[in-house]
Amino acid sequence: MPTAEPHPKAAHRVVIVGAGFGGLECALRLKGAPVQITLVDRRNHHLFQPLLYQVATASLATSEIAWPIRYLLRDRSEVTTLFANVNGVDAANKRVLLEDGDVLSYDTLVLATGVRHAYFGHDEWEPFAPGLKTLEDATTLRRRILVAFERAERETDPEKRAALLTFVIVGGGPTGVELAGTIAELARDTLPPDFRNIDTHKTRVVLIEAGPRVLAGFPDELSAYARRSLEEIGVEVILGQPVTECSADGVVFAGKPLQARTLIWAAGVRASRAAEWLHAPADRAGRLQVRPDLTVPDHPEIFAIGDTVTIADPSGNPVPGIAPAAKQQGRYVAKSIRARLSGKKLPPFRYSHAGSLAQIGKRKAVIDFGWIRLRGTVAWWIWGIAHIYFLIGLRNRLGVALSWLWIHARDQRAARLITQGSSKVAR
């Protein structure tokens, strides 16, 4: 089996699998440490996933929320970036197995492999109800949403037109709420002047949540506010009703079919196969159950972070699968590697919750900082400032800020481009 060995043998070899928030943060924080780093990802870009839904709903362009990994690390001579797919770990021999047959040897391994969509045993639903985790997902959804309006403009059958103008989002977490609100405002505020044969105000946006409330991770009063705000902009919120079928015709819930041509899945995720690679304990969603120092049981040389893992916060609740948590874990692992190389040891990882944020519409959001809870326009401005701050590069910050101000002032979304095909149905 060929071996990819990009670094001198004398250096401590750190292999990081995944260039998401946790993996990239770990690589950045290891700057100046006596290590050689190999960063492996199956995509060539780092993605600011919290704004992915804005690409799907034509508010932002792909280049505004993603950056080439090589560009971000171009000044780090000790870092080698590999565009490759990992399909296993040989922990006994300290090797990462690549899909093409190559292997990467390591002294310390950091797994930051993220999550994928979970359809609760119904993977056959994925072609009809795609999820939103990658840029490819976002541009596919954007195409389906925009093509639905275009086809409705040409459709003469009232029932078929109504189905084309019905959008169903399954799952009432932050992604589902943000998608529902933005699609509703797209139909209500942005598109009406552009069409002649349809009234886009008649668009139905249906948000279906199996649980008793939307934004279940937020306090009750913010969850209730989010629901009211969605309903004020025309979103139909259905609670306590799991979807039992997804097809090309629509969905079934509570034993009733709903005709819809555009379905979006925001109901669940499953961790990558990292636990399977290591034959390690995992929870029901496949997340690795790591030790308090974020190492894999029986493998102190292997760290796992971000959505790949499950670990409790100081209050005993699971650390949420959000960007700030992954970044905190990435920083901790980098410090831990430095400490080990100095013959020291860090205390266990301790998560510090910086707050939860969710946008409802272009002028409303909810924020839970724990010690203070905000909602409405003030929360929306704070939400926007926080997201702009965490973007990479002045150009992207300015570009996103200008795009949002334009949407705020003129209700216009400049990224309404249909790509990846012709005018045929987006199925």
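Small disclaimer: the values here were computed from a predicted structure and weren't measured.
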Can you give each donor-acceptor pair under 3.5 Å made by side-chain atoms of residues 118-127, sequence neighbours left out, with the distance rounded to 0.1 Å?
| residue | atom | partner | partner atom | Å |
| --- | --- | --- | --- | --- |
| Tyr119 | OH | Ala129 | O | 2.7 |
| His122 | ND1 | Glu124 | OE2 | 3.0 |

For residues 20-31, tabulate all N or O donor-acceptor pairs below 3.5 Å that involve a side-chain atom, not counting sequence neighbours.
| residue | atom | partner | partner atom | Å |
| --- | --- | --- | --- | --- |
| Glu25 | OE1 | Lys327 | NZ | 3.3 |
| Glu25 | OE2 | Arg29 | NE | 2.8 |
| Glu25 | OE2 | Arg29 | NH2 | 3.2 |
| Glu25 | OE2 | Arg331 | NH1 | 3.3 |

Contacts under 3.5 angstrom, residues 165-182 side chains, donor-acceptor by atom type, not counting sequence neighbours:
| residue | atom | partner | partner atom | Å |
| --- | --- | --- | --- | --- |
| Thr166 | OG1 | Ala162 | O | 2.7 |
| Glu178 | OE2 | Gln359 | N | 3.2 |
| Thr182 | OG1 | Glu178 | O | 2.8 |

Assess the residue pair Ser272 and Val115 against the criterion (side-chain contact (heavy atoms from CB on, under 4.5 Å)); give the C-alpha distance rounded to whole Å, side-chain angles, the decisive distance to 0.1 Å, and a yes or no. CA-CA 5 Å; Ser272 69; Val115 293; over 6 Å; no
Could you walk me through whether Gln328 and Ile305 pass side-chain contact (heavy atoms from CB on, under 4.5 Å), step by step? CA-CA 9 Å; Gln328 286 183 38; Ile305 60 177; over 6 Å; no
Using the rule given for side-chain contact (heavy atoms from CB on, under 4.5 Å), can you reason through Gln241 versus Phe253, listing the C-alpha separation, both sets of side-chain angles and the distance that settles it, and then say yes or no? CA-CA 6 Å; Gln241 299 291 346; Phe253 65 95; 4.1 Å; yes
Check against ring-ring contact (aromatic ring centres under 6.0 Å, His included), Trp383 and Trp404: CA-CA 12 Å; Trp383 173 92; Trp404 285 348; 5.0 Å; yes
Between Phe48 and Leu60, is a side-chain contact (heavy atoms from CB on, under 4.5 Å) present by the stated rule, with each step listed? CA-CA 12 Å; Phe48 191 77; Leu60 296 176; over 6 Å; no
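Of all heavy-atom pairs between His117 and Leu132, the closest is CE1-N, 3.2 Å. Between Tyr106 and Asp90, the closest heavy-atom pair is OH-O, 4.2 Å. Leu164 approaches Glu155 most closely through the heavy-atom pair CD1-CB, 4.1 Å. When all heavy atoms of Leu111 and Ala274 are compared, the pair lying nearest together is CD1-CB, 4.1 Å. Across every non-hydrogen atom of Ala248 and Phe128, the tightest pair is N-CD2, 3.4 Å. Listed here is the closest heavy atom pair of Ala285 and Arg270: O-CG, 3.3 Å.
With hydrogens and angles disregarded, no donor-acceptor distance shorter than 3.5 Å links the side chain of Arg143 to the backbone of Leu417. Panel note: side chain Glu209, backbone Leu239; no donor-acceptor pair is recorded below 3.5 Å. Remark: the backbone N or O of Leu294 is not paired with any side-chain donor or acceptor of Arg291 at under 3.5 angstrom. Here the side chain of Arg116 pairs a donor or acceptor atom with the backbone of Ala271 at under 3.5 angstrom. One N or O on the side chain of Asp41 and one on the backbone of Ala19 form a donor-acceptor pair closer than 3.5 Å. The main-chain N or O of Val252 is found under 3.5 Å from a side-chain atom of Thr244 such that the two form a donor-acceptor pair. Side-chain atoms of Asn85 never come within 3.5 Å of backbone atoms of Arg43 as a donor-acceptor pair (strictly under, hydrogens ignored).
By the 4.0 Å N-to-carboxylate-O rule, Asp283 lies close enough to Arg287 to be salt-bridged with it. Using a 4.0 Å cut-off between a side-chain N of Lys or Arg and a carboxylate O of Asp or Glu, Glu153 and Arg161 do not qualify as a salt bridge. Between Arg373 and Glu221, at least one side-chain nitrogen of the basic residue sits less than 4.0 Å from a carboxylate oxygen of the acidic one, meeting the salt-bridge criterion. One finds a salt bridge joining Arg227 and Glu231 here, because a Lys/Arg side-chain nitrogen approaches an Asp/Glu carboxylate oxygen to under 4.0 Å. Ion pairing between a basic and an acidic side chain is recognised when a charged N comes within 4.0 Å of a carboxylate O; Glu236 and Arg204 show such pairing. The pair Asp189-Lys362 counts as a salt bridge, with a side-chain nitrogen and a carboxylate oxygen less than 4.0 angstrom apart.
Geometrically, Arg74 engages Tyr71 in a cation-pi contact, judged by NZ or CZ lying under 6.0 Å from the ring centre and within 45° of the ring axis.
Around the CG atom of Asn87, the shell of radius 6.0 Å holds more than 12 heavy atoms that belong to other residues, nucleotides or ligands. Environment of CZ in Arg42: sparse, with no more than 12 heavy atoms of neighbouring residues, nucleotides or ligands closer than 6.0 Å. In Arg397, the CZ atom is crowded: over 12 heavy atoms of neighbouring residues, nucleotides or ligands sit closer than 6.0 Å.
The side-chain heavy atoms of Asp249 and Gln259, taken from C-beta on, include a pair separated by under 4.5 Å. Counting heavy atoms from C-beta on, the side chains of Ser336 and Phe303 come closer than 4.5 Å. The shortest side-chain heavy-atom distance between Ile16 and Ile37 falls under the 4.5 Å cut-off. The shortest distance between side-chain heavy atoms of Val96 and Val103 does not fall below 4.5 Å. Looking only at side-chain heavy atoms (C-beta outward), Pro192 and Thr200 come within less than 4.5 Å of each other. The shortest distance between side-chain heavy atoms of Val55 and Leu51 does not fall below 4.5 Å. A heavy-atom distance below 4.5 Å is found between the side chains of His46 and Leu72. Side chains of Asp102 and Leu104 form no contact here, defined as non-hydrogen atoms less than 4.5 Å apart.
Looking at Thr308 and Thr113, their side chains do bring a donor and an acceptor atom within 3.5 Å of each other.
Ring geometry, Phe369 versus Trp371: the interplanar angle falls under 30°, so the pair is classed parallel (tilted spans 30 to 60°).
Separation of atoms CD1 (Ile367) and CZ (Arg375) is listed at 13.0 Å; rounding is to 0.5 Å. To the nearest 0.5 angstrom, Ile198 atom CD1 is 12.0 Å from Arg151 atom CZ.
Here the options are Thr139, Thr134, Thr140, the test is side-chain hydrogen bond (donor to acceptor under 3.5 Å, both in side chains), and the partner is Glu136; only Thr134 passes.
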